[in-house]
Each structure stands twice: as C-alpha cells, then as structure tokens.
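Chain naming here is simple, since letters A, B, ... match the order of the sequence lines and numbering starts at 1 in each.
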Amino acid sequence: MVNITFPDGNIKAFENAPTGLDVARGISEGFARNCVAMELDQTLVDLNREITRDARVRLVTTKDAEGLEVLRHSAAHVMAQAILRLYPEAKLTIGPAVEEGFYYDIDMDPVSEEDFPKIEEEIKKIIRAKLPIRRREVSKAQALEFYRDEPYKLEMLSQMEDGTISFYEQGEFTDLCRGPHVPHTGFVKAIKLVKVSGAYWRADPTRAQLQRIYGTAFFTQQELEAYLTFVEEAKKRNHRKIGQALDLFSFHDEAAGMPFFHPKGMEIWNALLEYWRLEHRAAGYVETKTPIMLNRALWEKSGHWDNYRENMYTSVIDDTEYAIKPMNCPGGMLVYGSKPHSYKDLPLRAAEIGLVHRHELSGVLSGLFRVRAFHQDDAHIFMTPDQIQDEILGVLHLVERIYSTFGLGFHLELSTRPEKSIGTDAQWEHATNGLKSALDVYGREYKINEGDGAFYGPKIDVHIKDALGRTWQCGTVQLDMALPERFNLTYIGKDNEKHRPLMIHRVIYGSIERFLGILIEHFAGKFPLWMAPVQAAILPINDDLVPYAQQVKADFDQAGLCTEIDSRTESLNRKIREAQLNYVPLILTIGGKEKESGTLAVRTLDGKIKYGVTHETFLDTVQAHIHRRELSLPIFQD
RNA sequence: GCCAGCGUAGCUCAGCUGGUAGAGCAACUGAUUUGUAAUCAGUGGGCCGGGGGUUCGAGUCCCUCCGCUGGCUCCA
C-alpha cells in the first residue's frame, strides 16, 4: 500500500508499487497520454519509475516547461542514435536540452546542413518505431567497462562520484544519462535539425574540436511550425538587413567591427540622444565629456591595465604608452577630482556619452550588436553613503521611464563578486547590500547571478524584452567602492573633514549602437514618428507641382520636421510604393487640389488616407505627436 | 582567437565536371506628366575580397591573408 500526495493536497492510496503512468491513469486515460515524466518528492524522474513508498507526486505533462525540457533531452538521444547508425565511428560526448531546443556534441568528421535530410530520415524511422526508453542502473565499474572504447564517456565517468550510474536505452542505442526521458521515442514527433557548428570538448581550445549539431523539438507539429515562423520573422527583422535597406549605416573592411552611420542613421541616433538628454536633465544630471585616449599611468591607477588590458587598443606617443578608453570611468574620476566638493554638492550625477573601443575577438563581431567601437550613455553618480538607496532607486525609475517610451518591458538581475576583482571583502559586502536594499524597495522581483559582477563592484543588470519576446541586456547599474579610493576622491562633510564618496556607474541604452540595433529589430524598421529617419515623404504628382512641393517642404523644414521630397518623373504609384517600403510614417501627395485648397492628403504607413487636412492641423497634430513620443501612428482630423 | 560556411555590378543572386562573366532591381538617357504599393524603351556598369601558386588557360583547383555569417560549458 502506497499513499500518493498530489500537489493540490489530495491523497490517494495504491496497491503494490505503482508507476507514474499508473498514477496518471488513475486520474484519466486522456491525462495519462499527455504525461511525460513526474516529480517524485521534488526530483524529476521517468514516468515508468515505480513508486515504492509514500511520496508526493506531481505529474509532468506536455504542457509543462519541464516536460518540454525532458522531450528535448530525449530528442537529443534520438538524434544521437540516428547519427550512430549513419556514422558508426562517431564518438558521443554530451547532449543537453537548451533554451530553444537541444544539441549533441559529437566527435566525428565535419558534417554540414546538407547532411541533415539524411539524418532526419533516420530520426523519423526511430520515432515511428516508438522504441521504449528504459533506464538501467549499473555500478561505476560496469559503466567503465561498457565504455572502454569511448574516451569522452570515460572522462565523464571518471569525474563522477562512485556508486550507481544510470544508462538510458532505446533499441540498440545506449547512452550515459541521468534522465529523465519520455516513455518512448514516438513522443519526439515534431523535431528538426537547425544548425551545426564547431565546439571544443569541455570548451577548451586545446582539446578536440567536436561537431555540435543543434536541433529543436516540440510536442506538436504546430508548435514546431510556430517556432520556425518566429525564427523567420526574426530573420526578416535582422537589423543588418534593414540598416542596409534603409541606408542607416554600413561596415567596412577598413575598420572591422566599427560602424559608419549614414545621414538617416544619424536622424535616429540624434532623436535617441535628444530624448535621452531631456530625461537626464529632468532627473538632475549634468553632462561631461572626456578624451578617448589616456596614458598608461591612468589605466594602472584605475586597475584596467591589470584587469582589462587584452581588450584595450594601445599606442606609444613620444615614448609614453597610451590606451584608448574601453570605459569612461577613469576620465570621470579626473573630472570629479579636478576641484574640491562639498557634501552639499552630492549627489553629483555626471553623465557622459562616451566613445569607447574594445578589442573584441574577431569571431564575436556581429552587426551593431557586438562591435569594437561604441558609445555608452554613461553616468557616474558620486554620493554619500546614506544616499545609496535613493540614487539607485532614482536610476531604476529613470530606466523604467525611458524603456517604456519604446514599449520595452524589462526585468532585473543582481550580480555579485567575481573571482577576479579589486577591493576588500567589507567594501563588497556594503556595496552588494546597498543594491539589494534598493531592489527590495523598488519592489520588482529580481534574479541573482552569483559571481557575475564587474571586477570593481556588484551590479544590477536590466534585461529588456522586445516585440518578439527576446531579451537583451542593456542597462546596468554598478556600485563601485574601489575607484573613488584609487583616485583618492573626497568631499568635505558637515564635520569639515574629508570623506570618501561612493560611486555608481550606470548606463540605460548601454551601447547606443547596440540599442539602435535592438530598436530596428523591435520595430522591424517601422520607427515611431518621433524617431523615424524620414518622418514624411512629399510626393508631387507631376513635374509642374514640384516647385509648390518644395515650398511645402521648406515650411516643414522650418517646423523642424525631417521630410524628403520625391521629385522624380515617376508614377505616383511608384513613389508611394517606395515610400511605404522605406517605412516612411507619413506620405503627403501633392496634386492640384492640394495646391488650390492649401490642404494636404495624408497617407499613414498603415495605408489609411485622409484628404483635406490643413497645413495647420497637420503640423499641430504631428508636432504634438512627436512631443509626446507616441508609438502609434498619428490620426488626423479634417 | 578557434571551427564551419561564405565573399561575382550599388542591391539580391546565377555561372555544370577549369575555356576568358550573366539576370532582375537600382543608376543613367529618352518618351510618358501620372490621384494612392512597380509606365515603357534604351544605355553604361565588374582588379569575380587581396596576394601567391598549379595550368596552354583560373570566377571555378591549391596555399595564404582580409572580411562577413553562425557557433565556441544552459555541462551524464
């Protein structure tokens, strides 16, 4: 007799030792068909595991996140089985489930995506066979014997504790695995191989290069197709593609990883910064600017020479070593230290749009997302110890305000002291607690990443969520108790004594280049009016109307709008089509009627047309819309 | 940096087993003077990423460099 306690508190008695499947069937056959694993006293195990004593059981179904993870892990096994059938000499290493699917690292001759159909064919055979997946437990000695010709598995085994080792078997295939797995291979019906790449064994470049084959799997074909559609949509939104199509920026071999911004890209850039300055002024910031090149002594003082040199561009000028700044902070320290400060000056919020250079590995460069030269919307906040919480809260509120303007959600993560770091234990503790207490007051949930902090202090990272649901780390708030010390920064307190200020580094856009890239993908190139590179296209319907159209454009120029006139001798249809394809939010067609009546025909990007809009109404509407930085298209009254 | 794939006209791409480069769009010229997503015709345009090699002959094969794209511990 075994008593099973369900998550809702109900208890049910079973004869003998039921399996998870028996328990599920006790609820209903239909429910049982959707079960893939179970949580037995907090541990995820196979559905066919026998329950031999009283326990708490939660059945994991195809609807649960853990269920999908189990499926994908099983999918990795199915793929490995197929590959071993086709490439018997292949040696398996590890094959985990990952966020978007799974992969298996295999030591074999290079394969390419052209080999996928063949592998997928074999995978289908295994799925159709509905091979039962069985767990088998053996001693470590037996496992070592079984894997005597499998060097990677042997290495893995040697690092495991002595005792019971579990294997999973399906048909002729056996793999060392802790499980759990779905009951049989028939569950893996919606599977697709995605890509292949190289990966080192144990991520160690000195060790064997393996083939990492990625795939993804879902419980239904529909979910798989929805995922593939998502991937397609993300491809369409690729900022490199849109950036080229809209003539926003380019890259050149002459400066790999360093973007060149074109006039239209600069329109967006300037709109971003104009808005940024407005918000920062309102939040009590001042702005500074420091040189991009500073001498070695400065970097030794800041600690960068010891901790960050491999990423810094250096040069020798008049026998003195210089480095191009990878961060703005040391320059900011010098500005603060250039004159005495009173406690009455604090907090001092000094922002800087700083151009930094970092020598990233050539292989990691990627459009605007990973570059070697970029601008940070940096700020250094100098304060007294009792101002920590308010200042961090102030930054979090500014972050929230700015991201919401773009329709971006976000979540927070706290990172603590890494192994390679400067400062004392006491400083780290004080700094970390300061961030925690501010987060608690702020009230949103946050995740903790142990050991992920910067070398000079703990940090709060802000991860935004874009229109496709993808997350990107942009903002960061870092408390630094080390740099003020190294630069001997002080302020005069009420007691007329010198005190050490505390400092926050923070960015909100992060890298402006990268943030712009994210926005391109977030908006799919269809920027809201206030940041559109061309806000309105003016299209005269024939050559005779060009002079009048130019007059209209001149009025708009005066009003501060960014407009373009298409005076080519082309059909109106063509001009409209091209403006639409360039995502110009407003299209103004100028014909005889508009000239005579002094009105405008306004076509918005959604294809809606409003005739007879007066110039005054148009400008009032557009300017108010821009001023409010609205995300949706403006609506015009007659 | 490492592995794989890629680099042909401004853009997107074709060019079989080596035989001397082609399309669509764009640009330019001319005609058309257009009322809400492509008017028609013609013309020009290429150190086939750079360098070296094999060959009678290289966009095509080999080496090397540069660049781009994807990946490079979510660890049985």
Toward the 5' end of RNA chain B, by each residue's nearest nucleotide, A/Leu157 or A/Gly367:
A/Gly367

Can you list, in residue-number order, the parts of residues 247-263 of chain A that come under 4.0 Å of RNA chain B, counting heavy atoms only?
A/Asp253, A/Ala256, A/Gly257

Quick one: list whatever passes side-chain contact (heavy atoms from CB on, under 4.5 Å) with A/His463, sequence neighbours left out.
A/His411, A/Glu413, A/Asp461, A/Gln473

Take the protein atom CD of A/Gln244 and the nucleotide atom P of B/rG10, then report the distance between them rounded to whole Å.
12 Å

May I ask you to verify if any side-chain N or O of A/Lys195 is less than 4.0 angstrom from the OP1 or OP2 atom of B/rG70?
no

The dot-bracket string of RNA chain B, counting Watson-Crick and G-U wobble pairs with both distances under 3.5 Å, using [ ] for crossing pairs and | for pairs to another strand, is (((((((..((((.....[..)))).(((((.......))))).....(((((..]....))))))))))))....

Quick test of your reading of the model: are A/Glu521 and A/Arg240 salt-bridged, counting only N-O distances below 4.0 Å?
no

State whether the side chain of A/Thr164 and the backbone N or O of A/Val138 hold a donor-acceptor pair below 3.5 Å, judged by distance alone.
no

Between P on B/rU12 and CZ on A/Arg240, what's the gap in Å once rounded to a whole number?
13 Å

Does A/His239 have its ring centroid less than 6.0 Å away from the ring centroid of A/Phe369?
yes

Could you encode protein contacts along nucleotides 34-48 of chain B as a string, one character per nucleotide from 5' to 3', using B for base contact, S for sugar-phosphate-only contact and - for no contact, with a heavy-atom cut-off of under 4.0 Å?
BBBBBB---------

Kindly write out the residues that satisfy side-chain contact (heavy atoms from CB on, under 4.5 Å) with A/Thr569, not counting sequence neighbours, or none if the list is empty.
A/Asp543

When you measure from the side-chain N and O atoms of A/Tyr200 to the phosphate of B/rC75, is any distance below 4.0 Å, counting only OP1 and OP2?
no

Ring pair (Phe, Tyr, Trp, His ring centres under 6.0 Å) pairs touching residues 134-164 of chain A, sequence neighbours excluded, are A/Phe146-A/Phe167, A/Tyr147-A/Phe167, A/Tyr152-A/Trp201

When the distance from CG of A/Leu365 to P of B/rC2 is rounded to whole Å, what number comes out?
14 Å

What integer distance in Å separates A/Phe116:CZ from B/rG5:P?
13 Å

Please give, in whole Å, the distance from B/rG70 P to A/Tyr103 OH?
19 Å

